[in-house]
Amino acid sequence: MSQSVTGPAPVGRPARVPAVSARDLCIASAPSIARPQMLSFDADTGDLLVIEGRAQSGKTALLLTLAGRMKQQSGRLTVLGFSLPVQAGAVRAVTGLGVVQGVNDLDASLTVEQHVAERVIFHQSWWRPRVTRATVESYLQRANAVLQRLGASPLLPVNHTRPPTLVGHRFVGDLAPLDQFVLGTTLALIGDPQLLIIDDIDALREHENRLRAWSALLALVGARRTLTVAVSCEDATDLGDLFAHDPAERLARSRVKIVRMN
């Protein structure tokens with residue numbers, strides 16, 4: 001069980017409402033999980049909520065439950081002020097879902113710009129079925145700016161490979177894993193969500209790429225004060241490395257909440 005305890009609000013101030021609040025939450029689990037877990041935790045707006053656990057521990061199921069896409073078996077859960085599962089539709093409307101394998105996979109036969117255009121159109125009014133090339137390019141420029149900043153991490157070796165660049169006309173099937181991670185995150189942020197869901201950061205097998213991904217997520221919660229990010233991993237050691245070696249990242253330690261699953 002993991003639980004985050006928040007002290008009473010100062011006299012004269014209203015109590016702060018967590019962005020995510022779970023009490024005795026039991027998620028729908030895989031058949032391989034012999035003993036269901038009861039989880040209790042809070043995360044505030046602007047937090048990085050890390051769901052840590054081994055494979056088949058139910059991390060993805062928990063993320064999808066927070067996103068309003070699965071129903072919990074029991075327990076109380078509120079996300080952004082909405083009660084789940086009753087108000088799941090309202091939660092889905094303000095949640096950006098990164099790539100979750102088997103749920104919203106990227107299409108290898110489409111280009112980067114086609115993915116961006118499709119997502120922008122989805123968030124537009126029904127009477128605007130098209131998107132300009134300039135709009136697509138603006139999203140790609142933002143993504144590439146993030147990639148360039150990640151190349152300056154002090155944890156990366158001096159001779160590390162140059163950060164990748166998303167090219168609109170490239171097919172997604174030809175992209176490296178970090179490129180796909182950045183594209184999936186960029187797509188999830190279209191529409192300005194209040195909750196961002198990122199599943200399985202360990203799918204980035206190279207240590208260097210995982211450091212870049214964690215740095216990006218920490219920078220994101222630092223830059224967007226109204227955004228809460230929930231991410232799953234098997235081991236948050238890489239995140240600890242950032243705190244230990246980078247003074248700038250160390251300042252974000254208080255914004256990280258870890259939920260450990262058995």
Side-chain angles (χ1 to χ4, degrees), residues 30 51 55-56 59-70 88-89 91-148 150 161-206 208-210 212-214 216-217 220 224 227 229-234:
I51 312 298
Q56 300 298 318
K59 303 187 301 295
T60 300
L62 176 55
L63 287 179
L64 291 176
T65 301
L66 297 180
R69 291 172 176 258
M70 288 183 63
V91 171
R92 290 194 294 269
V94 291
T95 298
L97 190 65
V99 176
V100 179
Q101 187 175 6
V103 176
N104 62 339
D105 301 276
L106 299 175
D107 190 334
S109 65
L110 295 180
T111 64
V112 170
E113 59 189 5
Q114 285 173 328
H115 276 83
V116 173
E118 182 183 68
R119 188 63 60 92
V120 172
I121 291 172
F122 176 81
H123 284 281
Q124 290 180 164
S125 302
W126 63 268
W127 43 267
R128 296 179 61 195
R130 293 183 177 83
V131 60
T132 65
R133 181 171 294 277
T135 298
V136 172
E137 284 297 325
S138 69
Y139 282 105
L140 292 179
Q141 288 173 6
R142 295 178 205 173
N144 285 326
V146 171
L147 286 169
Q148 293 300 316
L150 296 185
T161 57
R162 295 179 62 188
T165 300
L166 287 179
V167 180
H169 61 77
R170 291 192 66 189
F171 286 98
V172 167
D174 296 330
L175 299 181
L178 183 61
D179 300 54
Q180 293 193 17
F181 172 83
V182 172
L183 175 59
T185 304
T186 299
L187 296 176
L189 289 171
I190 294 175
D192 196 22
Q194 297 176 49
L195 174 65
L196 174 65
I197 300 292
I198 302 293
D199 185 40
D200 193 16
I201 203 169
D202 295 307
L204 296 170
R205 299 303 180 189
E206 295 185 14
E208 178 179 313
N209 286 342
R210 291 196 303 276
R212 283 176 169 161
W214 282 118
L217 295 177
L220 191 59
R224 297 196 179 196
L227 179 69
V229 179
V231 56
S232 71
C233 66
E234 289 192 22

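Scope of the values below: all heavy atoms of this structure, side chains included, with no hydrogens, waters or symmetry mates.
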Which heavy atom of [X] sits nearest to which heavy atom of [Y], and what is that distance?
X      : Y      : value
Asp202 : Arg205 : O-NH1, 3.2 Å
Lys59  : Cys233 : CD-O, 3.3 Å
Ala213 : Phe181 : CB-CE2, 3.6 Å
Leu227 : Pro193 : CD1-O, 3.3 Å
Leu217 : Val229 : CD2-CG1, 4.2 Å
Thr186 : Ala143 : OG1-CB, 3.4 Å

Under 3.5 Å donor-acceptor, [X] side chain and [Y] backbone:
X      : Y      : value
Asp105 : Gly102 : yes
His169 : Thr111 : no
Asn144 : Thr165 : no

Roughly how far, to the nearest 0.5 Å, is [atom2] of [Y] from [atom1] of [X]?
X      : Y      : atom1 : atom2 : value
His115 : Leu106 : NE2   : CG    : 4.5 Å
Ile198 : Leu220 : CD1   : CG    : 8.5 Å
Arg224 : Asp192 : CZ    : CG    : 5.5 Å
Ile201 : Ile51  : CD1   : CD1   : 13.0 Å
Glu113 : Tyr139 : CD    : OH    : 15.5 Å
Arg210 : Arg212 : CZ    : CZ    : 13.0 Å

Please step through side chain to side chain contact (heavy atoms under 4.5 Å, CB included) for the pair Leu175 and Arg170, ending with a clear verdict.
CA-CA 8 Å; Leu175 299 181; Arg170 291 192 66 189; 4.1 Å; yes

Among Leu187, Val182, Leu189, find the one that has a side chain to side chain contact (heavy atoms under 4.5 Å, CB included) with Thr185.
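Of the listed options, the one satisfying the test is Leu189.
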
Can you tell me if Asp200 and Ser232 form a side-chain donor-acceptor pair at under 3.5 Å?
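Absent: no donor and acceptor within the cut-off.
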
Which is it for Val100 and Leu63 under the side chain to side chain contact (heavy atoms under 4.5 Å, CB included) test, yes or no, and what are the steps along the way?
CA-CA 10 Å; Val100 179; Leu63 287 179; over 6 Å; no

So, using salt bridge (Lys or Arg N to Asp or Glu O under 4.0 Å) as the criterion, who are the partners of Arg119 when residues are at least two apart?
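Partners of Arg119 by the salt bridge (Lys or Arg N to Asp or Glu O under 4.0 Å) criterion come out as none, since no residue qualifies.
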
Could you check if a side-chain atom of [X] sits within less than 4.5 angstrom of a side-chain atom of [Y], using non-hydrogen atoms only?
X      : Y      : value
Leu204 : Leu178 : yes
Leu97  : Leu64  : yes
Val99  : Asp199 : no
Val136 : Val131 : yes
Leu140 : Glu137 : yes

Report, one line per pair, each donor and acceptor closer than 3.5 Å where one atom sits in a side chain of residues 121-129; sequence neighbours left out.
residue	atom	partner	partner atom	Å
His123	NE2	Ile190	O	3.1
Gln124	NE2	Arg128	O	2.7
Gln124	NE2	Arg130	O	3.0

